[in-house]
Amino acid sequence: FNHLTELPDFPISLEKISVQHNRLRYLPGSLTKLQNLQSLFLTDNCLMELPVNIGQLKNLKELHLESNKLCSLPDSFGNLTELRKLDLERNRIRQIPETCADIQ
């Protein structure tokens with residue numbers, strides 16, 4: 001377990017980020033510039049929201065958000081068309097955006 005409360009700017013070529021079991025409350029907007037990112041592990045943090053433009057992560061295939069404090073997902077979430085694995089367990093989400101209906 002770490003105690004990270006914020007993330008640095010990552011190299012743009014990263015394909016996987018694992019920052020599980022930390023104290024992250026938000027994600028920097030710069031995260032959405034990582035166009036090669038395929039896997040993002042954010043389990044067991046304190047995230048209350050995701051960047052509104054998270055849908056820009058066009059190559060994201062795996063997203064683990066379990067055990068956070070998310071109440072909603074941004075509308076751009078529906079743009080994650082390559083997403084194959086999504087875990088939202090143990091959050092406070094009551095509704096999935098209609099834009100997600102197009103995710104295969």
Side-chain angles (χ1 to χ4, degrees):
F1 294 91
N2 293 309
H3 299 286
L4 294 175
T5 57
E6 60 184 58
L7 294 178
D9 287 339
F10 290 108
I12 200 157
S13 60
L14 276 184
E15 294 182 5
K16 177 181 176 180
I17 295 175
S18 180
V19 286
Q20 302 176 89
H21 312 293
N22 280 284
R23 295 181 179 162
L24 299 173
R25 294 187 182 277
Y26 70 94
L27 299 174
S30 61
L31 185 75
T32 61
K33 294 180 178 153
L34 304 178
Q35 294 301 303
N36 294 323
L37 193 63
Q38 295 180 25
S39 300
L40 183 54
F41 295 84
L42 296 163
T43 302
D44 194 24
N45 276 285
C46 301
L47 295 172
M48 300 181 80
E49 62 183 24
L50 298 174
V52 295
N53 57 348
I54 195 163
Q56 292 178 0
L57 295 172
K58 299 287 186 189
N59 291 308
L60 195 64
K61 293 178 172 51
E62 189 171 5
L63 180 56
H64 295 267
L65 293 165
E66 59 268 37
S67 296
N68 278 285
K69 297 179 180 184
L70 296 170
C71 293
S72 64
L73 300 174
D75 285 339
S76 72
F77 208 82
N79 295 333
L80 299 174
T81 56
E82 294 298 316
L83 199 60
R84 297 296 172 254
K85 181 162 184 150
L86 172 65
D87 196 333
L88 296 170
E89 290 181 280
R90 294 179 298 281
N91 277 285
R92 300 173 182 167
I93 298 172
R94 295 190 180 266
Q95 185 174 341
I96 303 291
E98 288 183 24
T99 57
C100 292
D102 294 331
I103 296 177
Q104 299 294 320

Item to complete: Find the distance between CD (Glu66) and CZ (Arg90) and round it off to the nearest 0.5 Å.
Response: 6.0 Å
Worksheet item: What closest approach, in Å, do Leu70 and Met48 show between heavy atoms, and which atom pair accounts for it?
Response: CD2-C, 3.6 Å
Discussion item. One pair to check against side-chain contact (heavy atoms from CB on, under 4.5 Å): Lys16 and Phe41. What are the steps and the verdict?
Written reply: CA-CA 8 Å; Lys16 177 181 176 180; Phe41 295 84; 3.6 Å; yes
Response to the item:
CD (Gln20) and CG (Asp44) are apart, to the nearest 0.5 Å, by 8.5 Å
Item to complete: Sort out for me which residue in Ile54, Ile17, Leu50 forms a side chain to side chain contact (heavy atoms under 4.5 Å, CB included) with Leu31.
Response: Ile17
Item to complete: Using the side-chain contact (heavy atoms from CB on, under 4.5 Å) rule, take Ile12 and Asn36 through it: C-alpha gap first, then chi angles, then the decisive distance, then the call.
Response: CA-CA 7 Å; Ile12 200 157; Asn36 294 323; 5.9 Å; no
Response to the item:
Contacts of Glu6 meeting side chain to side chain contact (heavy atoms under 4.5 Å, CB included) (sequence neighbours excluded), chain-then-number -> Tyr26
Worksheet, complete the sentence: The reported gap from CD in Gln35 to NZ in Lys58 (rounded to nearest 0.5 angstrom) is 8.5 Å
Practice prompt. Would you kindly confirm whether Leu27 and Leu88 end up in one hydrophobic cluster when ILVMFWY residues are joined by side chain heavy atoms under 4.5 Å apart?
Written response: yes
Worksheet entry | Straight-line distance of Ile93 CD1 to Cys71 SG, nearest 0.5 Å | 8.0 Å
Worksheet item: Is Leu83 reachable from Leu42 through a run of hydrophobic residues whose side-chain heavy atoms are each under 4.5 Å from the next?
Response: yes
Fill in: Pairwise distance CG(Leu65) to CG(Leu86) - rounded to 0.5 angstrom
6.5 Å
Discussion item. In this structure, would Leu7 and Val52 fall into the same cluster of hydrophobic residues linked by side-chain contacts under 4.5 Å?
Written reply: no
Fill in: Gap separating the CD atom of Glu82 from the CG atom of Leu63, nearest 0.5 angstrom
14.0 Å
Practice prompt. Before giving the answer on side chain to side chain donor-acceptor pair (under 3.5 Å), spell out for Asp87 and His64 the whole-Å C-alpha distance, their side-chain angles and the decisive distance to 0.1 Å.
Written response: CA-CA 5 Å; Asp87 196 333; His64 295 267; 4.6 Å; no
Discussion item. Let's go through Gln38 and Glu62 carefully: what are the C-alpha distance in whole Å and the side-chain angles of both, what is the deciding distance for side-chain contact (heavy atoms from CB on, under 4.5 Å) to 0.1 Å, and is it a yes or a no?
Written reply: CA-CA 6 Å; Gln38 295 180 25; Glu62 189 171 5; over 6 Å; no
Practice prompt. Check Pro28 against Pro51 and note the closest heavy-atom contact, atom names and distance.
Written response: O-CG, 4.3 Å
Worksheet entry | Where Asn45 and Val19 come nearest, the two heavy atoms and their spacing | ND2-O, 3.0 Å
